[in-house]
Amino acid sequence: MATKERKVIQKVKGVRAVDGAGVSLVRVLGNETVYDFDPFLMLDSFDSTNPDDYRRGFPAHPHRGIETVSFIAKGRMTHKDHLGSKQTIGDGEAQWLTAGSGAFHSEQPSGDRLLGLQLWLNMPRKQKMAAAPAYHGILRDEIKEFKLDGGTLRLLTGEYAGQKGWQGKYVPLDYYDISIDSNARLAIDVKPENTVMLFTLSGSVVSGGSHISEKTAARLVDGDAVTIEAGEGGARVMLMSAPPLHEPVAWYGPIVMNEERELNVALRELEDGEFLKSNTKYL
């Protein structure tokens with residue numbers, strides 16, 4: 001069956017920001033890109049060998065209406081939430097929080113280097129308040145690895161080449177950690193109806209004839225295959241693919257709904273102590 005190579009239509013480098021209790025990061029995607037990259041809302045990039053940039057972490061904070069997916073290439077991240085979940089992930093591992101109707105969690109980075117990403121994945125309108133909060137750590141023994149001609153693909157979530165990895169319940173996200181050898185070229189099949197994004201975690205690449213510099217998000221359109229070519233020294237690229245929701249977005253801080261009135265309800269519930277919809281509390 002003939003394949004059509006996707007082309008890069010948009011590239012976003014991001015801006016330096018501080019979040020949590022003082023974590024230095026690069027905010028790649030945010031409010032300005034929310035409809036272009038639907039259903040991907042926010043993408044934060046971490047890369048530092050100075051623990052002062054991240055040791056203060058992200059203290060307990062609420063979320064509603066989204067799922068957060070954190071990937072740690074180097075370093076460690078300890079997650080705690082109001083459900084009683086507590087887990088530390090390390091090199092090459094990921095964690096998935098379904099906030100749904102409401103969750104509180106904290107994240108504490110550690111280690112001599114922090115290299116990774118946090119992705120916010122939007123949830124469908126009908127699931128934002130219906131979905132119960134849940135946490136899942138995606139550890140090494142759950143991540144399938146594929147040896148390719150010119151590199152390696154690690155299946156963090158979703159499916160690849162007919163093989164299935166762990167998958168969330170609400171938006172089917174195919175999330176690949178791809179290492180490309182020096183001067184090699186890979187072709188990766190993707191679903192033609194999906195929004196597809198690349199992020200160059202380390203090194204620069206050429207995809208669909210366009211150069212993508214390091215630490216850049218690129219949106220690719222119109223096709224069922226993504227080509228990625230690395231130069232001398234190789235590259236590490238994250239590929240994210242999911243169907244768009246085509247729904248309105250109302251976003252305030254850690255809460256993402258469809259309408260402003262829903263944000264007002266969430267803020268009032270936070271103030272009144274009624275945000276969580278199950279009989280649990282933050283530990």
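For the numbers below, each heavy atom of this structure counts, side chains included, while hydrogens, waters and symmetry mates do not. Computed from a predicted model, the values in this text were never measured in an experiment.
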Side-chain polar contacts of residues 38-45 - donor-acceptor pairs under 3.5 angstrom, sequence neighbours left out - could you list them?
| from | atom 1 | to | atom 2 | distance (Å) |
| --- | --- | --- | --- | --- |
| D38 | OD1 | L245 | N | 3.1 |
| D38 | OD2 | L245 | N | 3.1 |
| D38 | OD2 | H246 | N | 2.8 |
| D44 | OD1 | R27 | NE | 2.8 |
| D44 | OD2 | R27 | NH2 | 2.8 |

Would you say L270 and I255 make side-chain contact, with heavy atoms under 4.5 Å?
yes

Is there a side-chain contact between V256 and V249 (heavy atoms, below 4.5 Å)?
yes

Please report the shortest heavy-atom distance between [X] and [Y], naming the atom on each side.
X    : Y    : value
S24  : R16  : OG-NH1, 3.1 Å
S207 : V8   : O-CG2, 3.5 Å
R6   : L220 : NH1-O, 2.9 Å
H82  : G102 : CE1-O, 3.6 Å

Applying ring pair (Phe, Tyr, Trp, His ring centres under 6.0 Å), name anything that partners [X], two or more places apart in sequence or on another chain.
X    : value
W120 : H63, W251
Y135 : H79
Y160 : F146, Y176

Connected-component partners of I9 among ILVMFWY, side-chain separation under 4.5 Å
V221

Within residues 107-117 or reaching into it, pairs that qualify as salt bridge (charged side-chain N to carboxylate O under 4.0 Å, His left out) - sequence neighbours excluded
D47-R113

Apply side chain to side chain donor-acceptor pair (under 3.5 Å) to residues S241 and D174 and explain how you reach the verdict.
CA-CA 5 Å; S241 171; D174 295 333; 4.5 Å; no

Decide yes or no on salt bridge (charged side-chain N to carboxylate O under 4.0 Å, His left out) for D222 and K7, but give the supporting numbers first.
CA-CA 7 Å; D222 298 334; K7 302 298 181 183; over 6 Å; no

Determine whether more than 12 heavy atoms belonging to other residues, nucleotides or ligands lie under 6.0 Å from atom CG of D149.
no

Full working for side chain to side chain donor-acceptor pair (under 3.5 Å) between H136 and E142:
CA-CA 11 Å; H136 182 79; E142 199 170 10; 2.9 Å; yes

Is the distance from the ring center of H61 to that of H105 below 6.0 Å?
yes

Residues E5, T227; criterion side chain to side chain donor-acceptor pair (under 3.5 Å); working and verdict
CA-CA 7 Å; E5 181 182 6; T227 62; 2.4 Å; yes

Could you go step by step and tell me if S213 and K13 meet the side chain to side chain donor-acceptor pair (under 3.5 Å) rule?
CA-CA 9 Å; S213 60; K13 191 74 175 177; 3.2 Å; yes

Look only at the side chain of K277 and the backbone of E274, and say whether a donor-acceptor pair between them is shorter than 3.5 Å.
yes

For S70 and Q118, does a side-chain donor sit closer than 3.5 Å to a side-chain acceptor?
yes

Assess the side chains of T157 and Q167: does a donor N or O sit below 3.5 Å from an acceptor N or O?
no

